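Please read the structure below before turning to the comments.
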Amino acid sequence: MGCDYTQAVWFSPPFNYNLSRVGHLDFHSWVKSWFTDHFVFGFSVVGIPEIVDVSSWQIWKARCNLIFKNIFIPPLQLANLIFNSLNQWLQSSHHTPLLQPPSFASKWNPPPSSFIRINADASWSSNSSTAGLGLIARDYASSYRGARCITVPAIDVEHAECLSILHAIFWAQELSIYNVYIDGDNQAVLSFLNTGQGSIHWHNHNILDDAIKLLSVFHFHVCKYVSRDCNRVATV
């Protein structure tokens, strides 16, 4: 329950469940709560025993891959794998419709206790070909940990959004934060960061490739697409 990697997996979409919030419970008390509580994950109400079963199995396999094969599976990728496994189980065992995850977070959620969450946004001026980048960091208690506003040259909106993510990573490194969530509201940019693919203009590929390389030195990271309302705090 206190493992940083496990908390990152559970907090990743589509689950968005902050495991550190039950850290006051001993393990047996938490297990008992599975059979009395139901957790709404935004796409369906699913019994916690089923989710814990699938999640624990997939986390165990990820641990074995790291120890025996030196293969690291990012938390967001594993969360998607867990989600797909749950869908397969529902379809084969219960013949129910597949779960449908939300396309983006609808509200800001505090990160797990060992993480910092950075919202990043950008505004672009065509008249001056410059962009304003807004960054704000908060912790698991929703406490303000810092903010930054930067003016940079930018050729278009997408370029500005890419730079906002890159500067969020730079800032996290400056603050010696290595367990981080970075939220942005440009779906194409966040998709490219997570998959290495997407409809990104070629002149922005180098920026995001650099961002991906920089993220590889973090202990754990999740780059997440959120709605504009959810990201409004970073709007400049």
Side-chain angles (χ1 to χ4, degrees), residues 1-23 25-28 30-31 33-34 39 41-44 46-93 98-102 104-105 109-118 140 165 169 172-173 177-183 190-198 208-209 211-226:
M1 293 170 65
C3 169
D4 288 345
Y5 181 80
T6 298
Q7 290 186 5
V9 171
W10 278 67
F11 194 67
S12 297
F15 303 108
N16 303 306
Y17 178 63
N18 194 337
L19 188 61
S20 65
R21 290 193 168 187
V22 296
L25 298 177
D26 62 81
F27 185 74
H28 290 92
W30 187 52
V31 171
S33 75
W34 300 350
F39 295 80
F41 289 98
F43 49 82
S44 181
V46 182
I48 197 71
E50 292 83 359
I51 294 178
V52 173
D53 285 346
V54 176
S55 300
S56 298
W57 174 242
Q58 293 293 355
I59 290 170
W60 171 256
K61 292 202 297 182
R63 180 179 184 273
C64 291
N65 277 326
L66 180 61
I67 292 173
F68 298 112
K69 299 180 182 178
N70 199 31
I71 297 173
F72 175 73
I73 301 176
L76 182 60
Q77 181 179 334
L78 189 63
N80 288 331
L81 182 60
I82 292 167
F83 175 78
N84 291 333
S85 297
L86 280 167
N87 266 339
Q88 291 173 10
W89 171 73
L90 285 171
Q91 189 175 33
S92 63
S93 301
L98 296 181
L99 300 171
Q100 294 297 322
F104 52 78
N109 290 314
S113 58
S114 57
F115 286 74
I116 296 295
R117 191 161 202 168
I118 298 176
Y140 69 98
I165 298 296
I169 297 168
Q173 289 183 322
I177 297 168
Y178 289 98
N179 288 347
V180 65
Y181 280 80
I182 297 176
D183 292 349
L190 273 298
S191 176
F192 190 95
L193 279 174
N194 289 317
T195 66
Q197 300 177 343
L208 296 183
D209 286 341
I212 292 169
K213 290 177 184 177
L214 290 169
L215 286 169
S216 67
V217 306
F218 285 72
H219 297 155
F220 302 114
H221 70 271
V222 174
C223 296
K224 187 175 179 180
Y225 167 58
V226 298

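As the structure is a computational prediction, the values presented were derived from the model and not from experiment.
- Note: Phe220 CZ to Cys3 SG = 6.0 Å, rounded to the nearest 0.5 Å.
- For Phe218, the side chain to side chain contact (heavy atoms under 4.5 Å, CB included) partners two or more places apart in sequence, or in a different chain, are Ile169, Ala172, Gln173, Tyr178, Val180, Leu215, His221.
- Of the residues listed (Asp183, Leu193, Ile118), the one engaging Cys223 in a side-chain contact (heavy atoms from CB on, under 4.5 Å) is Leu193, and it is the only one.
- Taking each heavy atom of Leu190 and Lys224 in turn, the nearest pair found is CD1-N, 3.5 Å.
- Environment of OH in Tyr5: crowded, with over 12 heavy atoms of neighbouring residues, nucleotides or ligands closer than 6.0 Å.
- Considering CG of Asp209 and CG of Leu214, their distance stands at 11.0 Å, rounded to 0.5 Å.
- Under the ring pair (Phe, Tyr, Trp, His ring centres under 6.0 Å) criterion, Tyr181 pairs with Phe11, Phe115, not counting sequence neighbours.
- By the side chain to side chain contact (heavy atoms under 4.5 Å, CB included) test, Ser216 is found to be paired with no residue, residues two or more places apart in sequence or in another chain being considered.
- Not counting sequence neighbours, Asn194 has no partner by the side chain to side chain donor-acceptor pair (under 3.5 Å) test.
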Item to complete: Mind running side chain to side chain contact (heavy atoms under 4.5 Å, CB included) on Ser55 and Trp10 for me, showing each step along the way?
Response: CA-CA 8 Å; Ser55 300; Trp10 278 67; 3.9 Å; yes
Can you list, pair by pair, the side-chain donor-acceptor contacts under 3.5 Å of residues 56-80, counting residues two or more places apart and other chains?
| from | atom 1 | to | atom 2 | distance (Å) |
| --- | --- | --- | --- | --- |
| Ser56 | OG | Val52 | O | 2.8 |
| Gln58 | NE2 | Ser85 | OG | 3.2 |
| Asn65 | ND2 | Lys61 | O | 3.4 |
| Asn80 | ND2 | Leu76 | O | 3.4 |

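- Scored by the side chain to side chain donor-acceptor pair (under 3.5 Å) test, Thr6 finds no partners at all (sequence neighbours excluded).
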